[in-house]
Amino acid sequence: MRNFFKRMMRHYTYDLKLKNKLVISHALLILLPTAVLSGFIFVKLYGIVMDDSIRSEQALSAQTAASIENLVSHVTYVSDALKESSSIHRLFYLSESDAAAFEPEQNRMDSLFHLTDSLTDNTMITGIRIYYDDSVYPDLMKYNTEGNRLFAPVSSVSSSYWYGIFSTMHDRELLCPELYLSPSEAGEFGRLAYISKITYLPPVGSDQELVQASAYLAVYFNGEPFDSALINNASVKGEAAYIINSRDVMVSASDMALAGIYYIPADELFTRIGPEKTFSLVEYPDGDAYTAYFPVRNTDWYMVSLLPSSHITDAGRKLILQLIMAYLLFTAAALFIALKLSVSIADRIIAVAYQMESVRTGRPRPMEAEETGCDEIGVLTDTYNYMTEEINDLMNSQEKASEDLRLAEFRALQAQINPHFLYNTLDMINWLSRTGRKEDVTKAVQTLSRFYKLTLSKRGLMNTIEEELEHTELYVELQNMRYDDCVSFVVDVPDELSEYTIPKLTFQPIVENAWLHGIMDKEEKSGNILLTGWRQDGDIVFLISDDGIGISPEKLESILAEGKGDSMANGTSDSVHIGVYNTNLRLKRLYGDSYGLTFQSSPGTGTEVTIKIPEKRREDSPV
């Protein structure tokens with residue numbers, strides 16, 4: 001393990017690229033401590049978000065419970081207002097004997113009907129009804145009007161659940177959910193009611209609790225405001241709120257399906273949830289949920305509010321995810337800055353190093369001015385650029401001197417070609433003159449003049465291919481005048497090659513070699529020479545073939561051998577091949593080693609010489 005860390009440290013210190021080293025150092029020294037600190041902060045924030053979400057839900061639920069209490073207070077206020085009215089007192093706070101013979105005044109009944117009409121707003125209070133003891137009281141229904149059937153006999157609701165509760169219990173008020181009401185009550189007035197029990201005046205000395213009810217005052221009210229309050233409390237998906245009473249009857253709910261899933265009986269609220277008005281995590285068959293219950297004052301109701309734990313944890317996770325995204329953006333920005341900083345240092349150093357390395361394959365190249373900068377690396381780059389300029393100036397001077405030397409060698413080689421041809425031609429003209437063939441002398445002189453005009457023209461050392469072909473044809477013409485038309489010379493070169501350039505005296509030495517050492521060495525002293533040409537991959541290729549005696553393999557191998565020209569120039573037996581040697585050497589000096597002459601010969605059959613030069617027009621020619 002120790003060796004492993006030593007290897008890693010050495011790799012980091014000596015082998016790792018500078019740019020990566022700077023980025024890694026930045027990450028280790030800044031981003032790693034920041035990541036640890038951010039993780040600690042994220043955990044703390046997660047707890048704060050969880051607590052804050054629970055407190056928010058707790059405050060909202062407490063507000064909802066207060067709204068429900070206000071709604072109930074409004075209903076109880078209506079009931080109390082009726083019970084405290086003089087009309088109710090005069091009508092129902094009687095002894096049983098007085099009640100049986102009681103005949104109410106019409107004005108009091110009118111006042112009672114007017115009061116109930118004013119308290120029934122059909123928004124919250126949907127109806128008011130007084131169920132009187134028809135076993136004692138005379139018929140009070142005769143006072144009902146068409147628009148207000150205030151009185152009804154208690155016997156008509158004796159089968160309702162709320163009447164059974166009052167019959168068996170000593171309660172004097174009862175908040176009734178829909179389950180407590182008879183079908184006719186629920187159908188006519190709605191699903192909620194607040195019913196108060198009014199009793200006869202007890203006989204002197206009797207127990208008040210055992211006194212029979214003279215009437216039941218029922219205030220029916222709308223359940224929708226309670227539903228709306230619970231729905232508003234359930235502000236997120238999956239959250240639920242419901243109201244149950246002490247007898248485990250569901251009064252209202254934001255969502256009956258969810259209320260059924262998360263239902264808790266009233267007597268289990270404390271044991272399963274804990275203290276009132278405090279959210280606790282409770283296990284349910286469908287998952288855990290934070291749950292709290294709020295007693296509704298002056299009622300036997302409990303509002304239960306619950307929030308699936310996934311909602312709170314999801315909110316915490318969402319915040320953590322947002323913080324992580326922000327941290328990652330910060331990290332990306334930090335890494336980007338670190339990378340740009342490392343690039344500004346490492347890349348410029350590497351660029352200088354690569355520029356220096358380019359000397360291995362060619363000239364050193366200066367750096368771009370905008371890449372230098374003004375820091376220490378910029379000074380290094382400027383120094384390198386100055387050194388590059390000095391080296392390039394020296395190399396330019398050396399290349400110019402080499403080019404001048406190459407052209408001088410080219411001209412020297414070209415000057416060596418065919419001096420004996422002039423001697424032989426002049427000798428032929430002298431012979432023609434002695435024999436009196438004046439016309440042949442004139443033709444020969446004109447041909448020779450044109451021949452050397454093309455050779456010695458002042459347009460440098462290059463001819464067009466068209467001019468070089470003409471020059472070669474003039475040579476053949478002069479030779480045929482000398483040797484009685486013993487050679488047939490055929491040229492098959494496309495016109496498209498005419499304007500390309502070729503060094504002077506390229507074709508003539510090869511044709512001369514084919515003539516003198518191929519055809520003239522044959523027994524019959526006659527033959528054919530063919531010159532063809534074509535373009536090939538940016539080059540021009542010529543093929544000069546003859547049907548002479550051919551060349552032996554040993555001699556063929558030595559014709560173009562470098563150094564052979566020394567013996568040729570010294571007048572050895574092979575000096576007749578100096579033109580071919582110099583032609584090949586000139587082409588290689590001018591165009592490079594991939595150009596020049598190649599030979600292919602079969603003894604007794606003939607020889608083929610291939611000439612390869614690049615495509616160049618006169619304006620592109622080097623000389």
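One-based numbering along the sequence shown.
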Can you tell me how the ring of [X] sits relative to the ring of [Y], calling it parallel under 30°, perpendicular over 60° and tilted otherwise?
{"X": "Trp301", "Y": "Phe226", "value": "perpendicular"}
{"X": "Phe189", "Y": "Tyr220", "value": "parallel"}
{"X": "Tyr161", "Y": "Tyr180", "value": "tilted"}

So does [X] have more than 12 non-hydrogen atoms from other groups sitting under 6.0 Å from [atom1]?
{"X": "His89", "atom1": "NE2", "result": "yes"}
{"X": "Asn298", "atom1": "CG", "result": "no"}
{"X": "Arg149", "atom1": "CZ", "result": "no"}
{"X": "Glu283", "atom1": "CD", "result": "no"}
{"X": "Glu69", "atom1": "CD", "result": "yes"}

Got a second to check how far [X]'s [atom1] is from [Y]'s [atom2], nearest 0.5 Å?
{"X": "Asn233", "Y": "Ser254", "atom1": "CG", "atom2": "OG", "result": "7.5 Å"}
{"X": "Thr168", "Y": "Asp171", "atom1": "OG1", "atom2": "CG", "result": "8.5 Å"}
{"X": "Ile264", "Y": "Ile273", "atom1": "CD1", "atom2": "CD1", "result": "4.0 Å"}
{"X": "Arg172", "Y": "His170", "atom1": "CZ", "atom2": "NE2", "result": "11.5 Å"}
{"X": "Leu140", "Y": "Tyr132", "atom1": "CG", "atom2": "OH", "result": "5.0 Å"}
{"X": "Asp300", "Y": "Asn245", "atom1": "CG", "atom2": "CG", "result": "5.0 Å"}

Can you give me the closest heavy-atom contact between [X] and [Y], atom names plus distance?
{"X": "Leu115", "Y": "Ala81", "answer": "CD2-O, 4.4 Å"}
{"X": "Ala186", "Y": "Leu181", "answer": "N-CB, 4.4 Å"}
{"X": "Ser158", "Y": "Ser155", "answer": "OG-O, 3.0 Å"}
{"X": "Tyr242", "Y": "Tyr263", "answer": "OH-CA, 3.5 Å"}
{"X": "Leu150", "Y": "Ile128", "answer": "CD1-O, 3.6 Å"}
{"X": "Asp248", "Y": "Ala266", "answer": "OD1-N, 2.7 Å"}

Under a 4.5 Å cut-off applied to non-hydrogen side-chain atoms, are [X] and [Y] in contact?
{"X": "Ser214", "Y": "Glu96", "result": "no"}
{"X": "Tyr194", "Y": "Ser196", "result": "yes"}
{"X": "Met109", "Y": "Ser87", "result": "no"}
{"X": "Ile88", "Y": "Ile130", "result": "yes"}
{"X": "Ser61", "Y": "Phe294", "result": "yes"}
{"X": "His74", "Y": "Ile125", "result": "yes"}

Open item on the list: Which residue in the set Leu175, Val304, Val251, Thr299 passes side chain to side chain contact (heavy atoms under 4.5 Å, CB included) when paired with Ile243?
Closed with: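 Answer after filtering Leu175, Val304, Val251, Thr299: Val251.
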
Does [Y] offer a backbone N or O that forms a donor-acceptor pair with the side chain of [X] under 3.5 Å?
{"X": "Thr278", "Y": "Gly274", "value": "no"}
{"X": "Thr120", "Y": "Asp117", "value": "no"}
{"X": "Ser67", "Y": "Ala229", "value": "no"}
{"X": "Asp255", "Y": "Ala240", "value": "no"}
{"X": "Ser85", "Y": "Leu82", "value": "yes"}

Open item on the list: Before you tell me yes or no, could you show the steps for Glu276 and Arg297 under salt bridge (charged side-chain N to carboxylate O under 4.0 Å, His left out), namely the whole-Å CA-CA distance, both residues' side-chain angles and the distance that decides it to 0.1 Å?
Closed with: CA-CA 13 Å; Glu276 62 184 44; Arg297 285 183 304 170; over 6 Å; no

For the pair [X] and [Y], find out whether any cationic side-chain nitrogen is under 4.0 Å from an anionic carboxylate oxygen.
{"X": "Lys83", "Y": "Asp80", "result": "yes"}
{"X": "Glu57", "Y": "Lys277", "result": "no"}
{"X": "Arg191", "Y": "Glu185", "result": "no"}

Between [Y] and [X], do the side chains contain a donor N or O and an acceptor N or O under 3.5 Å apart?
{"X": "Ser309", "Y": "Asp288", "value": "no"}
{"X": "Asn222", "Y": "Thr126", "value": "no"}
{"X": "Ser182", "Y": "Ser160", "value": "no"}
{"X": "Ser95", "Y": "Ser97", "value": "yes"}
{"X": "Asp133", "Y": "Tyr200", "value": "yes"}
{"X": "Asn148", "Y": "Thr145", "value": "no"}
{"X": "Tyr93", "Y": "Thr199", "value": "no"}

Open item on the list: Looking at Tyr284, I'd like to know if the NZ or CZ of Arg272 sits under 6.0 Å from its six-membered ring centre while staying within 45 degrees of the ring's axis.
Closed with: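 Pair Arg272/Tyr284 counts as cation-pi.
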
TODO: Decide if the gap between the ring center of Phe166 and the ring center of Tyr216 is smaller than 6.0 angstrom.
DONE: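 Distance test on ring centres: under 6.0 Å, yes.
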
